There are 2 protein chains.
Amino acid sequence: MKDRQDVESAFARSNLRRTSQRYDVLSWLYRHKRHATAEEIFAAVNKANPRVSRATVYNVLHALVEGRLVRQLNAEGAARYDATLDRHHHFICDTCGAIEDLEWFDLPAAILRGAAGRRAVRETEITLHGVCERCGRK
Amino acid sequence: MKDRQDVESAFARSNLRRTSQRYDVLSWLYRHKRHATAEEIFAAVNKANPRVSRATVYNVLHALVEGRLVRQLNAEGAARYDATLDRHHHFICDTCGAIEDLEWFDLPAAILRGAAGRRAVRETEITLHGVCERCGRK
DNA sequence: GTCCCTGCAAACGGTTTGCACCCGG
DNA sequence: CCGGGTGCAAACCGTTTGCAGGGAC
C-alpha cells in the first residue's frame, strides 16, 4: 500500500522521531482532503485511535510543519493543514468561503527578484480571491 | 489636512454610515503603520477617545473590510488590517515573524488566466516567505 | 537510560454575542 | 422616528501550557 511507504519514507527523510501519533496524523493527511483544520484532524484521528489527544495533534502538526512534511495555511478562523506531496496555490471564494487548490505555477523569476530585493525567499504563496464556479453560476 | 479629507471621501464613496468610532478607526489606519492587529488598533483609538469599545473596533473593522476601505490579512495568531490606499504584497520573515510590504506588481495576465480557469478573480494576494534582511545578516 | 513525546485539564488570547441604549439619516 | 451602531460583560473557540508518566532511539 502506497500511503504507508510515503509516510515511512517521509519520517526517514525528516529526522523526526516516528511515534504512532505522528504516523496517524501524517497518514491521515496523505489520505484525506487538504485544508483540514486541527480540530477536524483531531476528530478523525482520535476516532480511529483514541490514543491520540487534542494537544498531541497540535504538537504533531507543529512538528510536521517544522520538518516541512506539512504546510500550514492561515485562513480566517482556524489554521489549515496540507501534506506537501505537491506544490500548489489557492483560490478562496468570497461567497462561500471554499478553499480550492490551483495547479502550481511559478512567479516569473525576474518579477520575483525585483520584488524580493535582498531578502532570501524560501516560498512563494499565491492566493486568488473571487467567486468560485459554483457560486458564480447563481 | 489631507487625512481628514481622505477619511470623509472614503465614507462618501462607500455607503457606510459615518459614526465617530468608524471615523476614528479609519483615520488611525490612514495615519499609522500597516498590519496592526485589532487589539493594537483598539488600544490606540480607545486611548485617544475612550468612547470606543473593543467590540466596536471589531464591528467597525468588519464593516470597513466589507466596504472595501480596509483590507484584512490573515496571519498567524491575530488578523491584521491595512487601509487600502495603495495595493501591495507582503513578505513574512520565518525567523522574526515581521511582515514587510512589497511594492505592487501584477501576476502576468496569461498566467493568471491559466490558473483561474472559469473562476472570477477579484484580487491576487502574493506573500513571499523567507528570511528578512535584518535576520539574514546575523 | 536519556530525552523527547504524550495525555490531561486548566488557562489563554483573539473574537463574537446578547441585550439595552444611543445616534445618524 | 426608525434601523443600524455601540458599550459592556460574558461566552466562545482555537490553541497553548504545565506537569506527570511513557515510549523512541
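Since this is a predicted model, take the numbers as computed values, not measurements.
- Phosphate contact (OP1/OP2 of D/dT6, side-chain N/O of B/Thr19, threshold under 4.0 Å): present.
- Distance, B/Asn46 CG to D/dT6 C1': 13 Å, rounded to whole Å.
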Please list, for nucleotides 13-16 of chain D, all pairs of protein and nucleotide N/O atoms separated by less than 3.5 Å.
unit_1, atom_1, unit_2, atom_2, d
D/dT15, OP1, A/Ala79, N, 3.1
D/dT15, OP2, A/Tyr58, OH, 2.9
D/dT16, OP2, A/His62, NE2, 3.2

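- The distance from atom CG of B/Asp24 to atom P of D/dT6 is 10 Å, rounded to the nearest whole Å.
- Heavy-atom contacts from other residues, nucleotides or ligands closer than 6.0 Å to CD of A/Glu39 number more than 12.
- Computed from coordinates, the A/Glu8 CD to D/dA24 P distance equals 12 Å when rounded to whole Å.
- Between the P atom of D/dG23 and the CG atom of A/Asn59 lies a distance of 17 Å, rounded to the nearest Å.
- Separating the CZ atom of B/Phe42 from the C1' atom of D/dT6 is a distance of 13 Å, rounded to the nearest angstrom.
- As rounded to whole Å, 11 Å separates atom P of C/dC4 from atom CZ of A/Arg22.
- Using cut-offs of 30° and 60° on the angle between ring planes, the pair B/His32 and B/Trp28 is parallel.
- Within a 6.0 Å radius of CG in B/Asp86, other residues, nucleotides and ligands contribute more than 12 heavy atoms.
- Side chain of B/Arg17, nearest nucleotide from D/dG5, C/dC4, D/dT6: D/dG5.
- Using a 4.0 Å cut-off between charged nitrogen and carboxylate oxygen, B/Arg71 and B/Glu123 count as a salt-bridge pair.
- Residue order along DNA chain C, read from the 5' end via each residue's closest nucleotide, puts A/Ser53 first among B/Leu16 and A/Ser53.
- Heavy-atom distances to DNA chain C give each of B/Ser20 and A/Thr56 a nearest nucleotide, and the one nearer the 5′ end belongs to A/Thr56.
- What separates CZ of B/Phe11 from P of C/dG25 is a distance of 10 Å, to the nearest Å.
- Legend: ring-ring contact (aromatic ring centres under 6.0 Å, His included) pairs involving residues 70-103 of chain B, not counting sequence neighbours, sorted by first then second residue: B/His35-B/His90, B/His88-B/His90, B/His89-B/Trp104, B/His89-B/Phe105.
- A salt bridge is defined here as a Lys NZ or Arg NE, NH1 or NH2 lying under 4.0 Å from an Asp or Glu carboxylate O, and B/Arg18 with B/Glu8 meets this definition.
- For the pair B/Tyr23 OH and C/dG25 P, the interatomic distance rounds to 14 Å; values are reported in whole Å.
- Environment of CD in A/Glu66: sparse, with no more than 12 heavy atoms of neighbouring residues, nucleotides or ligands closer than 6.0 Å.
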